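Below is one structure; the comments refer to it alone.
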Amino acid sequence: MRTSTVSPSGDEDDRRVRAFQARIDAGEKIEPADWMPEDYRRTLIRQIGQHAHSEIVGQLPEGNWINRAPTLERKAILLAKVQDEAGHGLYLYCAAETLGVSRDELTAQLLDERMKYSSIFNYPTLSWADIGAIGWLVDGAAIMNQVPLQRCSYGPYARAMVRICKEESFHQRQGFDIMIKMAKGSDAQRRMAQDALDRFWYPTLMMFGPPDRDSVHSKRSIAWKIKFDTNDDLRRKFVDQTVPQADFLGLKIPDPHLRWNEDEHRYDFSDPDWGEFFAVIKGDGPCNRERLAARRKAWEEGEWVRDALLAHARKSAARRRQEKAA
Ligand code: FAQ
């Protein structure tokens, strides 16, 4: 991969940047070996890396319920879903590696808090209905945000998103299925479903990022086709899609100001508490410390596996060299 740091002069650099933007405007894919501006590369590493970390940390709240799932079938489904999230993390780390950053480096940045992961995974899963709410709302929001990313200008990220989106759609269906069972079940189950919606609604709206006025990266990322919509636009689309689903479940969105706006043909709704959002992304959410501690433990305890794999790879390479020389 070649970047602007190799550019011989300012004029030459400008010409390359204009040609690069023209390729993006024409809908061409940028591939790892192509020249790219250093800021484009850094923006992609930031977004893909954070996205990968979100998939990996995102296993923890649901992992909490694997050994407490109500039936063997639900347990098998949840296990498969959590494994899918690990797979998504791996595709995304591979996509980031094509930009010249190793998975170990990205992990180091997560563990020493130089890189973020999605705010949503800093909230606890207190009941089985939370697993339904995560599938329905969190995967629903993830899909809303990620479907456009299948058209991302950077080829490896766009291609990773195709498979991820297919799997996330299944995840959302299984979450909604849990919600149907709970919402149409006993009074106690209905109360659990409503409580899960009450606790996950605003944190889910926060997943789309800060309001447009506070979004520092949107404008440039949209110009580069690393993003396609503003944070507020996607948030609005998500609300419009989700309110009828809550109606179908017979659950109430916890927003006293939620109203259908006949003129604009969309819902008016209340903003999340942005003070809470900024506190969570700075490390002060309900579960930030617990989540990072779990990832640090996994990294430390996995050291012998990484060492063993490396030793095996070195031994195999040495054997191949010997065989070639013989
Ligand atoms: N949480 O200027 P913007 C999933 C940060 S995957 C934490 O608007 P941008 C699957 C942002 O990084 C969910 N931080 O930023 C699953 C920036 O900080 P920085 C993850 C956030 O990049 C389901 C600052 O605020 N999805 O759920 C958040 O243009 C179930 C300013 O923000 C992706 O990563 C946040 N919510 O837009 C797994 C999708 N929002 O980096 C398990 C790809 C913003 O300067 C179970 N990413 N920040 O220090 C994106 O589309 C974008 O990066 C946004 C943010 C939309 C997340």
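All ligand and atom numbering here is 1-based and tracks the order in the structure. Index from 1, following the sequence. None of the values given here were measured: they were computed from a predicted structure.
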Between [X] and [Y], is any side-chain donor less than 3.5 angstrom from a side-chain acceptor?
X	Y	result
H171	D84	yes
R259	Y267	no
D271	Y202	no

Using a strict 4.0 Å cut-off to heavy atoms of [X], name the atoms of ligand 1 that fall inside it.
X	value
S119	1 (N), 7 (C), 35 (C), 36 (N)
M207	27 (O), 36 (N)
I281	1 (N), 7 (C), 14 (N), 25 (O)
V216	2 (O), 31 (C)
K81	30 (C), 46 (C)
K227	8 (O), 9 (P), 29 (O), 37 (O)
M206	36 (N)
G58	42 (C), 46 (C)

Heavy-atom nearest neighbour of [atom] within options [options]:
atom	options	answer
atom 32 (O) of ligand 1	P210, S221, G285	P210
atom 26 (N) of ligand 1	E62, R220, Q146	Q146
atom 50 (C) of ligand 1	E55, K282, H217, Q47	Q47
atom 5 (C) of ligand 1	H53, K116, Q172, M161	K116

Q: Step through it carefully: locate the ring centre of Y40, locate the ring centre of F20, and say whether they are under 6.0 Å apart.
A: yes

Q.
Going by side-chain hydrogen bond (donor to acceptor under 3.5 Å, both in side chains), name the pairs with one or both residues in residues 135-148, residues two or more places apart or in two chains.
A. H51-Q146, K81-D139, W136-Q245

Q | Residues in side chain to side chain contact (heavy atoms under 4.5 Å, CB included) contact with D112, at least two apart in sequence or another chain | A | R114

Q. N/O of D139 under 3.5 Å from N/O of ligand 1, yes or no?
A. no

Q) Hey, are R41 and E38 close enough for a salt bridge, meaning a charged N less than 4.0 Å from a carboxylate O? A) yes

**Q.** Worked check of side-chain hydrogen bond (donor to acceptor under 3.5 Å, both in side chains) between R199 and Y123
**A.** CA-CA 9 Å; R199 283 180 291 105; Y123 291 85; over 6 Å; no

